Amino acid sequence: MVMTRSGYLILDRADNVAVALRRLEVGERLEEQAVVVREVISAGHKVAIAEIGTGAAVVKYGRPIGFAAKPIAPGHAVHVDAITLGHHICNYRPGAAARPAVLVPVDKRRTFDGYPRADGRVGTRNYLGIISTVSCSGDVAQMIADAVSRQLLPHYPGIDGVVAVTHGSGCCLAP
């Protein structure tokens, strides 16, 4: 669960660090964390949002990313000089929170509002749109739609029609 606040981001409820989204200044308060920034934290860097004792896990993404090499007080930067590697056992259980889907009752399910085709397949209304982006090409779009309707449409029974969608402004016209 990602929680974005003014100036910082917490990636998981279990995290004891937050990520600065912008430069955090000394004395700034991290709302909802009751933490005051104790040193400048550069954008993209970590700031402690809880007391992290020596040897305690530094938690980001809800998982240990290292262990505190020294005590880290809330509001202080969490740099590589304050973190050490260590042995830990993580019980990764992908999908453990997955639950069976609750299906919508048959009588409440959405339906497909199509129609049966002569060959047994189903379809929807299929229109080809010729779209102009400015008013000066509107006549050309209409001519293309008319020509395609007369000359090509008979060869494509799956297409129900051709529509010119013209634009009402542009080319020095007021909107």
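Quantities reported herein were computed from a predicted structural model and do not represent experimental measurements.
A donor-acceptor pair is defined here as one N or O able to donate and one able to accept, closer than 3.5 Å; such a pair exists between the side chain of Glu28 and the backbone of Glu25. Under the 3.5 Å distance criterion, the side-chain polar atoms of Arg121 are left unmatched by any main-chain donor or acceptor of Pro116. The main-chain N or O of Thr124 is found under 3.5 Å from a side-chain atom of Asn126 such that the two form a donor-acceptor pair. The backbone N or O of Tyr127 lies less than 3.5 Å from no partner atom in the side chain of Asp160, so there is not a single donor-acceptor pair. For the pair Asp146 (side chain) and Met143 (backbone), a donor-acceptor distance under 3.5 Å is absent. A donor-acceptor distance shorter than 3.5 angstrom exists from the side chain of Asn16 to the backbone of Val59, with no hydrogens or angles considered.
Between Val40 and Leu24, the closest side-chain pair of non-hydrogen atoms is not below 4.5 Å. Here the side chains of Val165 and Ile130 are not in contact, with every heavy-atom distance at 4.5 Å or above. You'll find the side chain of Val37 stays beyond 4.5 Å of the side chain of Arg29, heavy atoms only. Here the side chains of Val17 and Ile49 are not in contact, with every heavy-atom distance at 4.5 Å or above.
Scanning both residues, Ala82 and Lys70, for their nearest heavy atoms gives CB-CE, 3.9 Å. Of all the heavy atoms in Ala14 and Gly62, the pair that sits closest is CB-CA, 4.2 Å. In terms of heavy-atom proximity, Thr54 sits nearest to Pro71 at OG1-CD, 3.1 Å. The nearest pair of heavy atoms linking Val78 to Ala48 is CG2-N, 3.6 Å. Of all non-hydrogen atoms in Ala68 and Gly53, the two that sit nearest each other are CB-O, 3.3 Å.
Rounding to the nearest 0.5 Å places CG of Leu11 at 11.0 Å from NZ of Lys46. The CD1 atom of Ile144 sits 11.5 Å away from atom CG of Leu152, with the distance rounded to the nearest 0.5 Å. To the nearest 0.5 Å, the span separating CD on Gln142 from OG1 on Thr166 amounts to 7.5 Å. If you take OH on Tyr156 and CG on Leu128, they are separated by 11.0 Å, rounding to the nearest 0.5 Å.
Between Arg117 and Asp119 there is no salt bridge, since none of the side-chain N atoms of the basic residue sits less than 4.0 Å from a carboxylate O of the acidic one.
Cation-pi check for Arg125 over Tyr115 is met; the charged atom lies under 6.0 angstrom from the ring centroid and within 45 degrees of its normal.
Annotation: side-chain hydrogen bond (donor to acceptor under 3.5 Å, both in side chains) contacts involving residues 72-84, sequence neighbours excluded, comprise Glu39-His76.
For His155, there are no ring pair (Phe, Tyr, Trp, His ring centres under 6.0 Å) partners at least two apart in sequence or on another chain. With sequence neighbours left out, the salt bridge (Lys or Arg N to Asp or Glu O under 4.0 Å) criterion links Asp107 to no other residue.
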task: Report the C-alpha distance between Arg109 and Leu103 in whole Å, list the side-chain angles of each, state the deciding distance to 0.1 Å, and finish with yes or no for side-chain contact (heavy atoms from CB on, under 4.5 Å).
output: CA-CA 9 Å; Arg109 293 181 188 170; Leu103 299 178; 4.1 Å; yes

